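Keep in mind that what you see is a predicted model, and the values were worked out from it rather than measured.
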2 protein chains.
Amino acid sequence: MEEKEISQTVVGRLPRYFRYLGELKDEGIERVSSQELSDIMQVTASQIRQDLNNFGGFGQQGYGYNVGFLYDEIGKILGLHREHNLIIVGAGHLGQALVNYTNFERRGFLFRGIFDKDPQVCGQKIRGITVRPMNEMEAFVQENDIDIAVLAIPKTSAVEVAEQLVCCGIKGIWNFAHVDLRVPERIQVENVHLSDSLMKLSYNLSSREDEE
Amino acid sequence: MEEKEISQTVVGRLPRYFRYLGELKDEGIERVSSQELSDIMQVTASQIRQDLNNFGGFGQQGYGYNVGFLYDEIGKILGLHREHNLIIVGAGHLGQALVNYTNFERRGFLFRGIFDKDPQVCGQKIRGITVRPMNEMEAFVQENDIDIAVLAIPKTSAVEVAEQLVCCGIKGIWNFAHVDLRVPERIQVENVHLSDSLMKLSYNLSSREDEE
DNA sequence: CAGTCGCTGTCAATTCATTGACATAATTTT
DNA sequence: AAAATTATGTCAATGAATTGACAGCGACTG
């Protein structure tokens, strides 16, 4: 399929559409117009139509969009119709928090393994999943068809671990470590830099005060 | 001070500059040009100069930027020269993970209290901080000069808690709950929507496959 | 100490994103 | 069944962000 590249700006808005459509669906609402969605979501109706049209004409003139249908379609676009096998690297507090957050599983993101370099932690079970030593990671990824690795480790080891993951054929990395990973272009990296986020909040707090 | 509004796009890049400058500083490097930074950070030199110039002329022609000075200045811009008092609402896995992440404290973000609605959890200590019941929250915020509240609770209760926080004079909310909070404009909200981030990664994995 | 070079700050050009406008088509009303 | 209404898909216009270009200042060199 020769499709035009969708900008990350647009992609970043899809999950939010998906969430609101899910809520409408749960409320039993069957149809919605871009104008109604616009009111609920606080974005322009024009942007909604523009965004959706990147992926095809999901609506119908004079009617609007069918909530259930659009919800499913966006789900497919986001790749939620298939299952993803994940591992978590780092069984610290953050790693554990992620494993215990069951909403990911509900969306098809299945935690298949947890790895940690601390021998004390290895062997323990977190939500039924045994923590394994790092040296078993590469084989595990290959044998269990893992496509996403979650890096919940300090930045000091993140670069090295990322390299190992690249070598054993990982497709995507969800990176919670506070470094920028340099990986081949074929591998997708999604960063969650919590301290950056907190600093942004801090900036906005300060700048608001200055205005007064 | 009558200063022009800085776009969130630019603000969002500041923490990254801050991080790289910190690393250079730790390596003992004293000066850096926008071109050198450009090579390290993989952004255009033009963008770096443009971004920094929003806040003033930190560099010197023919010399470049003094690493230590620029680091400190960006720190101040981000509001890191002062301390922030935070509370965490929700003592679940995520809340605990955040409390235990000591890097925030090092930057002046001090966790002063933890709150949870579960009576079983109240009274327990996490890294020396006692978990308190929700009904004590409002008074605590006011008495302890809390400016930031971290919402690490399910979306079902997030909206209600946010309203309480607004009432007792919170200035900023770091929101990990999967809802959009509607708060007065004077209150800053920074969202960390983990599932949105994961869906974005999922999209990029799928779209990459389609290309092949 | 004069000349060369390096690098910023800034303006202009370009690219990208958002908003507005409307022709057209399906739906609902009468 | 015709008329009126609704709301999409898309094109054009506007606005924002990024990149490119360079004048001019300061630093370094011989």
Heavy-atom side-chain proximity of A:Met134 to A:Val89 below 4.5 angstrom:
yes
Plane angle bin for A:Phe18 and A:Tyr71 - parallel if under 30°, tilted between 30 and 60°, otherwise perpendicular:
parallel
Under a criterion of less than 4.0 angstrom to any heavy atom of chain A, what are the 5'-terminal and 3'-terminal contacting nucleotides of DNA chain C?
C:dA17 to C:dT28
Result for 5'-nearest mapping on DNA chain C, choosing between A:Gln8 and A:Gln61, is A:Gln8
Shortest non-hydrogen contact from B:Ala91 toward B:Ile114:
CB-CG2, 3.9 Å
Looking only at atom types and distance, does a side-chain atom of B:Ser38 sit under 3.5 Å from a main-chain N or O of B:Val43, one as donor and one as acceptor?
yes
Hey, is CD on A:Gln8 packed in by over 12 heavy atoms from elsewhere, all under 6.0 Å?
yes
Does NZ or CZ of B:Arg127 come closer than 6.0 Å to the centre of the six-membered ring of B:Phe111, within 45° of the ring's axis?
no
Using side-chain hydrogen bond (donor to acceptor under 3.5 Å, both in side chains), reason through A:Asn85 and A:Arg112 one step at a time and then give a plain yes or no.
CA-CA 6 Å; A:Asn85 295 319; A:Arg112 301 301 195 184; 2.8 Å; yes
Just say parallel, tilted or perpendicular for the rings of A:His84 and A:Phe109, cut-offs at 30° and 60°.
parallel
For B:His178 together with B:His193, are the ring centres under 6.0 Å from each other?
yes
Rounded to whole Å, the CD-C1' distance (A:Gln35 to D:dT6) equals 12 Å
Enumerate the residues from residues 64-71 of chain B whose closest heavy atom to DNA chain C is under 4.0 Å, giving them by residue number; use none for an empty result.
B:Gly64, B:Tyr65
Numerically ordered, the residues 37-60 of chain A set in heavy-atom contact under 4.0 Å with DNA chain C is A:Thr44, A:Ser46, A:Gln47, A:Arg49, A:Gln50, A:Gln60
Would you name the heavy atoms of B:Leu194 and A:Phe176 that are closest together and state the gap between them?
CD2-CE2, 3.9 Å
Ignoring backbone atoms, establish whether B:Arg31 has a side-chain N or O less than 4.0 Å from OP1 or OP2 of D:dG26.
no
